[in-house]
Amino acid sequence: MRPPFFSLLLSLVSFSWAATVTYDLDIGWVTANPDGQADRPVIGINGQWPIPVIEVTLGDRVVINVVNSLGNQSTSLHFHGLFMNGTTHMDGPVQVSQCAIPPGSRFTYDFEVTQPGTYWYHSHNKGQYPDGLRAPFIVHDPDNPYKDQYDEEVVLSVSDWYHEQMPDLVSFFMSRQNPSGAEPVPQAALFNDTQDLSLPLQPGKTYFIRMVNIGAFAGQYVWFEGHNMTIVEVDGVYTHPSTAEMIYLSAAQRCSFLLTAKNETDTNYPFVASMDTTLFDAYPEDLNYNVSGWLVYDDKKSLPKPALVDSLDAVFDDMNLVPHDDQPILGEPDQTVTLNTIMGNLDDGANYAFFNNITYTHAKVPTLYTALTAGDQATDPAVYGTYTHSFVLEKDQIIDIVVNNIDPGRHPFHLHGHEFQALHRSKEEAGPFEDSNVTAASFPAIPMRRDTLVLYPDGNMVLRFKANNPGVWLFHCHIEWHVVSGLAATFVEAPLELQKTIELPQEHLDICASQGIPVTGNAAGNKLDLLNLDGQPSPPGPLPAGFTARGIVALVFSCLSGILGVAVLVWYGLAGGENDPGLKTWAADVDAAPETRVLPQDGERTGDHGVSSGADAGIRT
Ligand SMILES: *[C@@H]1O[C@H](CO)[C@@H](O)[C@H](O)[C@H]1NC(C)=O
Ligand SMILES: *[C@@H]1O[C@H](CO)[C@@H](O)[C@H](O)[C@H]1NC(C)=O
Ligand SMILES: *[C@@H]1O[C@H](CO)[C@@H](O)[C@H](O)[C@H]1NC(C)=O
Ligand SMILES: *[C@@H]1O[C@H](CO)[C@@H](O)[C@H](O)[C@H]1NC(C)=O
Ligand SMILES: *[C@@H]1O[C@H](CO)[C@@H](O)[C@H](O)[C@H]1NC(C)=O
Ligand SMILES: *[C@@H]1O[C@H](CO)[C@@H](O)[C@H](O)[C@H]1NC(C)=O
Ligand SMILES: *[C@@H]1O[C@H](CO)[C@@H](O)[C@H](O)[C@H]1NC(C)=O
Ligand SMILES: *[C@@H]1O[C@H](CO)[C@@H](O)[C@H](O)[C@H]1NC(C)=O
Ligand SMILES: [Cu+2]
């Protein structure tokens, strides 16, 4: 047996061998047609699309030199799931940890990779990534606990695909013409940025398949005919092996599994990803929401059509996974943050997403830069402004996030800078966690960990993590439409520590200066009085008085009665927000509608939309 000091020595040696891996990424427009239906401009890298899969080894230092050659859009890169421990300024979200990289500028991401597994990288600016700027990011692990159980690794992305570009889709989505907030429905699904993909298999071999959903919106049901999956990793966390016939991968989730090839080569097998159509408000007749590929044992044999599957009930529940390291449940929380997910309209007639009563609007100063320049006041959440929805965490605190879904849609929630323990996820329609009879006693002793978890319609969930990574980290829904409509909050973790450890490279400050973005002071750019937030960027005001109460009723009623309510809202949008007696009459009829829960407008009014009184008027029926 090897004495322990020797293995320590070995690990020190291997650490010092860690390589620096450099990527030069020139981001620019190219044309692509991955579903064979339409050529369109996409955002490529170095003149190519799909953009490259980044592959590094655990412990590597990664240097990514970005040049923005788009000409007409700014950009940024986020490395989804990587902790960025000590380098929160390399995390990527625009106006959170950096300014956007304007056209013609350069920016270098420089960080160490301290976690093994399957990740991805994507733009974190203005709903941009679905235009093509997203791909897997793989961290190879010489000590992968399953390395003796497979022969080959395979990367396999899945995604939805749109024919229109995001800026156009977003401007319609966030408009008074779309008051119900119906998300654009994708035109196709893709495997590895194509369709009819072949995955050649050698008989008897076992494959470590790393699946990543790099899509914008749709969760995907995935299955391989005639083959089971043995799940061994989710979101960079190794798990004990679990057998699944079908998995569900939301936007941003990853799942790695072992798949063993048959010994016989007489048949090829289809595999399928089927978009979760319960997310869609419309089902265009010509939409094929499935994509298929084939496990090819013999390329001279036919590629059979996938069999129809009439139930998705066989889908594996990721809450049943157990991390391979058996990390026990963290101790009692020092802080519990409760976030109610709510959709509602503001006075521009568009539909916004809210955590409690706040729809995220980024600050004038990137939130990290406020943390770095606010001195002792950096521990006061107020300096980050109302609409970044910031929570300040002390170093090493245990934090619970309780998320209640006051919305009938699924939302895949993602936390930057951490993996969380998933302590509880209710079934659909369970109501808020506080109203349930679930107690801490029923939390698992060894909870599943990941960085993105799906919250079910009108359900709730409880997540726990330790604030052991000083930084500024977003918590948000990973449906890109909901990022755009404001479903995000900010955790400012150990800001005083950040002031001692983070030194911003000059180019970070330079790209702000070139765009006139202030880099010191509070969310409003105020340096003298950090509690004076006059001029902070803010969302539109609440629905106008007079419309408000009834509008909210209409909104709630619209959930119940569908078309009629939506029609009224559309009418409101087209009418330019003016009050109308006809609406009142109609609304009076529904005053007896069930209780209104869809109420983001509580509390103080801000912004310049002139609705200054009757803060509660909007919420009583
Ligand atoms: C930016 O340029 C691309 C490629 O030429 C073009 O397709 C796209 O419409 C432009 N987008 C904007 C927002 O101007
Ligand atoms: C998917 O694309 C990646 C990157 O090009 C490639 O490494 C991988 O082998 C592809 N997967 C399949 C199943 O073809
Ligand atoms: C897959 O797993 C299910 C349930 O464990 C089992 O019934 C089935 O036979 C397995 N299929 C294959 C191809 O191994
Ligand atoms: C394939 O053959 C090997 C060796 O005979 C055997 O161990 C293995 O169980 C077989 N695999 C399957 C899926 O039947
Ligand atoms: C997609 O696949 C599902 C599951 O097999 C099937 O029920 C559905 O009919 C398919 N849809 C289309 C448009 O092919
Ligand atoms: C919670 O309450 C419901 C309804 O009262 C009951 O059916 C369920 O068994 C309870 N669950 C627990 C964990 O006590
Ligand atoms: C970040 O690094 C510190 C210091 O090495 C360590 O204590 C902490 O656990 C790390 N956090 C994460 C999330 O890895
Ligand atoms: C949200 O609600 C809280 C608590 O009622 C209140 O203090 C705050 O001013 C409200 N914020 C907004 C933006 O309405
Ligand atoms: Cu969402």
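Note that the coordinates shown come from a computational prediction; the quantities given were computed from them, not determined experimentally. As the structure lists them, so they are numbered: ligands from 1, and atoms in each ligand from 1. Note: hydrogens, waters and symmetry copies are ignored here, and every other heavy atom, side chains too, is used.
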Problem set entry | Residue pair Asp510, His508: steps toward the side chain to side chain contact (heavy atoms under 4.5 Å, CB included) verdict | CA-CA 5 Å; Asp510 291 346; His508 291 221; over 6 Å; no
Exercise. Quick one: is the NZ or CZ of Arg210 closer than 6.0 Å to the six-membered ring centre of Phe257, and within 45° of its axis?
Worked result: no
Problem set entry | Any N/O pair Val155/ligand 2 closer than 3.5 Å | yes
Exercise. Angle class for the Tyr269/Tyr297 ring planes (parallel below 30°, perpendicular above 60°, tilted otherwise)?
Worked result: perpendicular
For this session: Heavy-atom contacts with Val154 under 4.0 Å: which atoms of ligand 2 show up? List them by number with element.
Result: 13 (C)
Exercise. Counting each atom of ligand 2 from 1 as listed, which ones have a heavy atom of Val53 under 4.0 Å away?
Worked result: 4 (C)
Seminar exercise, completed: To the nearest 0.5 Å, atom CD1 of Ile247 lies from atom CD of Gln253 at 9.0 Å
Exercise. Going by the atom numbers of ligand 1, which of them fall below 4.0 Å from some non-hydrogen atom of Pro41?
Worked result: 7 (O)
Problem set entry | Ligand-residue contact atoms, ligand 1 with Gln73, heavy atoms, under 4.0 Å | 11 (N), 13 (C)
Exercise. Is Asp318 paired with Arg450 through a side-chain N to carboxylate O contact shorter than 4.0 Å?
Worked result: yes
Problem set entry | salt_bridge(Arg449, Asp325) N-O dist < 4.0 Å | yes
Exercise. Do you see a donor-acceptor pair shorter than 3.5 Å between the side chains of Thr108 and Asn65?
Worked result: yes
Exercise. Would you say the side chain of Tyr129 lies within less than 4.5 Å of the side chain of His78, judging by non-hydrogen atoms?
Worked result: no
For this session: With a 4.0 angstrom cut-off on heavy atoms, strictly below it, pick out the residues next to ligand 4 and order them by chain and number.
Result: Asn263
